[in-house]
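Naming convention: chains lettered A, B, ... in sequence-line order (proteins, then strands); numbering from 1 in each chain.
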Number of protein chains: 2
Amino acid sequence: MDEIDQTIVNLLRTDGRTSYAELARRVGLTAPSVQDRVTKLEKNGVIAGYRAVIDSEAIGLGITALIGIIPDNAADHHDICERLRAIPQIESCYFLAGVECYQLKVRVPKMGDLERLIHRVGAIPGVAQTRTTITLSTKWEDRPQPVPYEQED
Amino acid sequence: MDEIDQTIVNLLRTDGRTSYAELARRVGLTAPSVQDRVTKLEKNGVIAGYRAVIDSEAIGLGITALIGIIPDNAADHHDICERLRAIPQIESCYFLAGVECYQLKVRVPKMGDLERLIHRVGAIPGVAQTRTTITLSTKWEDRPQPVPYEQED
DNA sequence: CTCGACGAGTGGACGAGATCGACCAGACCA
DNA sequence: TGGTCTGGTCGATCTCGTCCACTCGTCGAG
């Protein structure tokens with residue numbers, strides 16, 4: 001993970017379809033060696049994948065909400081986590097330090113879907129309470145910040 | 001935005017580097033026509049971009065936190081939003097319905113960076129109070145859910 | 001000091017993919 | 001009926017991805 005790798009990561013982070021040839025030009029190497037570096041970054045898990053960024057409203061997922069989960073004392077966290085994972089509408093799931101020990105980011109087409117989703121989450125054993133907040137607008141999301149200068153891997 | 005477009009979007013959403021040729025095979029068209037569709041989807045803003053998914057710990061951003069902002073009565077939301085946008089560590093920013101009218105997702109290398117960040121956010125005019133929650137672990141993040149069956153663009 | 005192994009990069013060759021222009025078929029409408 | 005528009009195919013060409021052989025430092029062992 002040297003400076004060249006960082007540049008590659010930064011470039012792919014802002015445009016995941018940048019070709020190896022283009023990356024090679026930017027970092028001053030040839031395409032095969034860049035490809036080699038990228039392959040290693042993928043193997044090491046530094047690059048976990050590539051995604052198209054989709055406008056969720058455009059594909060009918062107009063409603064975004066945040067759901068906090070307060071567990072009860074007997075909660076089996078592994079079980080809760082697996083049950084949450086099975087719900088496709090939950091796009092992100094964070095385990096938090098606090099009373100609300102999970103926060104979910106969910107997207108649904110309609111309010112009715114959100115209501116059903118909240119009930120489904122609330123019905124998971126170990127979930128004592130949920131607290132849902134609607135997002136009125138997303139100012140921005142997953143904006144890549146530059147890789148800070150990094151020691152070693 | 002017909003069924004073929006949805007398939008293309010779903011494929012690119014899970015693997016943003018899928019080639020046009022591969023997409024063409026999957027949807028039963030030729031590469032040029034798929035390319036044409038993708039170009040239109042990009043123009044329409046349905047596809048907003050492509051990103052490599054990076055393991056933030058691997059690049060030295062080991063700490064993720066959620067910061068809620070409670071504004072005061074005189075808050076100028078446009079101004080707050082712009083000042084927040086200027087802070088690179090804020091990867092996502094949602095405008096919420098609730099007492100905490102913004103929620104930020106931030107990533108920093110060290111706890112000290114988080115502390116400075118909280119002070120910086122708290123110093124923005126119109127911000128009455130902030131509430132920060134550390135994420136102990138990210139179970140998953142930005143998992144693409146399939147495009148629901150959709151009426152029209 | 002020399003030898004061999006190894007990691008990282010280069011250069012060339014070849015097949016696959018991207019891209020462009022020309023052409024075609026069906027829908028729609030005057 | 002004929003014109004136009006949209007969305008598709010086909011084929012040519014150029015670029016890109018990918019594999020392989022080779023080179024060049026570096027490093028440790030003998």
Side-chain angles (χ1 to χ4, degrees), chain A residues 1-61 144 146-153, chain B residues 1-61 144 146-153:
Chain A
M1 192 75 197
D2 60 3
E3 207 170 326
I4 293 181
D5 281 342
Q6 286 176 39
T7 310
I8 291 174
V9 165
N10 278 332
L11 289 168
L12 286 176
R13 220 172 177 206
T14 27
D15 181 4
R17 298 210 93 177
T18 311
S19 67
Y20 293 129
E22 178 63 22
L23 291 173
R25 279 188 288 270
R26 299 293 195 88
V27 301
L29 293 177
T30 57
S33 61
V34 167
Q35 188 187 19
D36 193 42
R37 281 171 176 267
V38 171
T39 306
K40 281 174 191 163
L41 289 169
E42 290 167 353
K43 285 242 170 65
N44 296 343
V46 177
I47 298 178
Y50 302 90
R51 303 236 178 95
V53 181
I54 304 298
D55 176 6
S56 32
E57 292 194 20
I59 58 169
L61 294 169
V147 177
Y149 189 66
E150 170 64 2
Q151 51 293 354
E152 258 322 291
D153 78 298
Chain B
M1 193 73 197
D2 59 3
E3 206 170 327
I4 292 181
D5 280 343
Q6 286 177 39
T7 311
I8 291 175
V9 164
N10 277 332
L11 289 169
L12 285 176
R13 220 170 177 210
T14 33
D15 181 4
R17 298 209 89 171
T18 311
S19 67
Y20 293 129
E22 177 64 22
L23 291 173
R25 279 189 287 271
R26 299 293 195 86
V27 301
L29 294 178
T30 57
S33 63
V34 167
Q35 187 186 19
D36 194 42
R37 281 171 176 268
V38 171
T39 307
K40 281 176 190 162
L41 288 170
E42 289 167 354
K43 285 243 170 64
N44 296 343
V46 177
I47 298 178
Y50 303 90
R51 305 237 177 95
V53 182
I54 304 297
D55 176 6
S56 30
E57 293 194 19
I59 58 170
L61 295 169
V147 177
Y149 191 65
E150 171 63 0
Q151 54 291 354
E152 256 324 288
D153 79 303

Both conditions, 6.0 Å and 45 degrees, for the charged tip of A:Arg17 above the ring of B:Tyr20: are they met here?
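The answer is yes, since A:Arg17 meets both limits relative to B:Tyr20.
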Gap between atoms [atom1] and [atom2], on [X] and [N] respectively (whole Å):
X	N	atom1	atom2	answer
A:Arg37	C:dG9	CZ	P	4 Å
B:Glu22	C:dG17	CD	C1'	12 Å
B:Asp2	D:dT6	CG	P	16 Å
B:Leu29	D:dG8	CG	P	6 Å
A:Arg25	C:dT10	CZ	C1'	17 Å

Tell me which nucleotide among [options] gets nearest to the side chain of [X].
X	options	value
A:Lys40	C:dA8, D:dT18, D:dG8	C:dA8
B:Pro32	C:dG17, D:dG11, D:dT18	D:dG11
A:Ser33	C:dG9, D:dT18, D:dG8	C:dG9
A:Ala21	D:dC19, C:dA18, D:dG17	D:dG17
A:Thr30	C:dT10, D:dG7, D:dC16	C:dT10

Check whether any side-chain N or O of A:Asn44 sits under 3.5 Å from a backbone N or O of A:Val46 as a donor-acceptor pair, and report yes or no.
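Such a contact is absent between A:Asn44 side chain and A:Val46 backbone.
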Heavy-atom donor-acceptor pair, B:Thr39 side chain to B:Gln35 backbone, under 3.5 Å
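Judged by distance alone, yes, a pair lies under 3.5 Å.
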Students often get this wrong, so: under 4.0 angstrom with heavy atoms, is B:Arg17 touching a base, only sugar-phosphate, or nothing?
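Nothing: the residue B:Arg17, judged by heavy atoms under 4.0 Å, touches no strand.
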Want to settle it: does A:Ala31 or B:Ala31 sit nearer the 5' end of DNA chain C, counting the closest nucleotide to each?
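Residue closer to the 5' terminus by nearest nucleotide: A:Ala31.
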Quick one: salt bridge (Lys or Arg N to Asp or Glu O under 4.0 Å) partners of A:Glu42, sequence neighbours excluded?
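If we apply the salt bridge (Lys or Arg N to Asp or Glu O under 4.0 Å) test to A:Glu42, skipping adjacent residues, there are no hits.
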